[in-house]
Amino acid sequence: MKTKSYIFKGARVIDPKKKIDSVIDIGVSNGIFTDPKTLNNAEVINLKNKVLTPGFIDLHVHLRDPGGKDRETIETGTMAAAAGGFTTVVAMPNTSPVVDSTAAVEYLRRKAQKTAVVNVLPAAAITKNSEGKDMTGIGSFSKAGVVAVTDDGRCVQNSDLLLHVLEYAKTFNMPVLEHCEEDSLAENGHAHDGYWAAVNGLKGIPKSAEAIMVARDIALAKEAETTVHIQHVSADESVYLIRDAKKRGINVTAEVTPHHLSLTDDCIKNFDTRYKVNPPLRTETDRQALIEGLKDNTIDVIATDHAPHAETDKLKEFAYAPFGMIGLETAVPIVLTELYHRDVLSLSELVAKFTTGPAEVLRRDDLGTIEIGLQADLTVLDVEKEHAVNKHNFYSKSRNTPFNRKKVKGKAVCTVVGGEIVYSELEGLKGKI
Ligand code: DOR
């Protein structure tokens with residue numbers, strides 16, 4: 001049991017769930033939020049000119065354990081999360097082997113208990129080996145601590161199977177997260193099916209590959225009278241479909257990545273594989289639609305899709321290089337720069353995309369808010385801090401970021417998990433990592 005007590009003083013506290021945006025004291029004792037007035041011997045941490053929020057949640061992270069420890073481990077991935085301001089990460093199951101059994105979940109749980117510096121919430125596969133054929137044991141997953149199911153990296157093509165998954169998952173209150181991609185359209189594609197794919201002679205992945213499955217999933221969620229969550233939305237068409245579905249009262253939620261919010265497909269003009277991601281970077285029209293979607297809450301969540309890859313793999317020719325870029329240590333600076341400092345979203349709206357948004361997708365009342373008695377997870381932001389991204393300072397084991405040397409404004413400067421300072425660049429305050 002942790003015993004150290006803290007009082008965080010002087011910060012602008014933003015908790016969108018509680019509709020708080022004011023300077024108040026926050027107390028922490030024995031790892032939980034505590035009324036600061038009841039704390040006598042607490043260490044006072046001065047957070048003047050800083051913003052204090054509920055701990056950020058990243059709904060979409062590839063920790064690569066088991067099977068990819070050359071690219072990331074639970075230890076390095078969660079250190080990267082802590083340094084990026086995230087207190088909770090949802091670990092994607094497309095590892096090797098795929099997390100499709102309670103044994104694999106148990107492995108993750110034990111490994112996280114020993115090595116993780118932030119909360120690791122395991123997601124398990126929808127189908128065995130994520131092959132899209134046989135459903136996994138969703139019923140037993142709930143008891144094992146699985147927070148959601150997804151075949152992320154692949155999309156369940158069989159609609160009848162997915163309808164049954166949605167109906168079954170509903171009985172266990174298990175969120176279903178969908179990577180939307182119609183295989184016959186996306187197969188062998190490497191980039192957005194547009195100008196730059198054509199000029200570079202790359203097979204394209206059309207927007208319809210995503211939109212068709214978004215439309216299908218909305219129809220299936222309605223049919224099953226349940227909820228579906230759409231991962232990494234990239235296309236304007238998908239935003240329109242989700243917006244319309246929400247208007248019609250269908251329970252669909254959606255996430256977008258910092259890279260789809262800030263980059264477009266012209267980045268691939270020199271075959272730079274750091275920009276090869278799935279779904280692909282699309283056009284300025286799509287990027288603007290994603291931003292509009294965030295603004296009107298069509299899109300509920302910003303999630304990184306942190307996808308570590310070895311340098312040797314990313315050095316391959318564009319068509320042979322793997323999809324994905326890391327994002328845990330750049331997400332907060334990128335979105336503060338691109339969305340907050342450009343007056344796209346208010347700070348409170350932005351914080352909601354990392355706190356209440358993901359907590360609602362996970363159906364977790366105990367996450368994404370500051371409430372006496374709950375586990376004390378906090379993120380401290382210096383929204384004015386100007387700096388340049390430096391990939392050599394990353395805690396992640398991988399370096400596949402396109403944002404190296406980018407000048408940004410705003411950063412997470414302290415991360416608190418269960419009342420413990422796990423990361424800090426505040427003067428006089430040491431973090432665990
Ligand atoms: O770019 C991506 N990388 N998209 C995915 O869906 C999977 C991920 C990975 O696992 O590398």
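Order of appearance sets the numbers: ligands from 1, and atoms from 1 within every ligand. Treat the numbers as computed from the prediction; the structure is a model and nothing was measured.
Tyr107 pairs with exactly one of Val99, Asp65, Thr95 by the side-chain contact (heavy atoms from CB on, under 4.5 Å) rule, that one being Asp65.
Between Asp366 and Arg364, at least one side-chain N (NZ, or NE/NH1/NH2) sits under 4.0 Å from a carboxylate O, which counts as a salt bridge.
For Arg399, the side-chain contact (heavy atoms from CB on, under 4.5 Å) partners two or more places apart in sequence, or in a different chain, are Lys391, Phe394. Every residue two or more places apart in sequence or in another chain that forms a side-chain hydrogen bond (donor to acceptor under 3.5 Å, both in side chains) with Asn94 is listed here: His62. Partners of Thr273 under the side-chain contact (heavy atoms from CB on, under 4.5 Å) rule, at least two apart in sequence or in another chain, are Lys314, Phe318, Ala321.
Under the 30°/60° scheme for interplanar angles, the aromatic rings of His232 and His179 are found to stand perpendicular.
Protein residues lining ligand 1, listed by chain and number: His62, Arg64, Asn94, Asp152, Gly153, His179, His232, Val277, Asn278, Asp305, Ala307, His309, Phe323, Gly324 [non-hydrogen atoms, distance under 4.0 Å].
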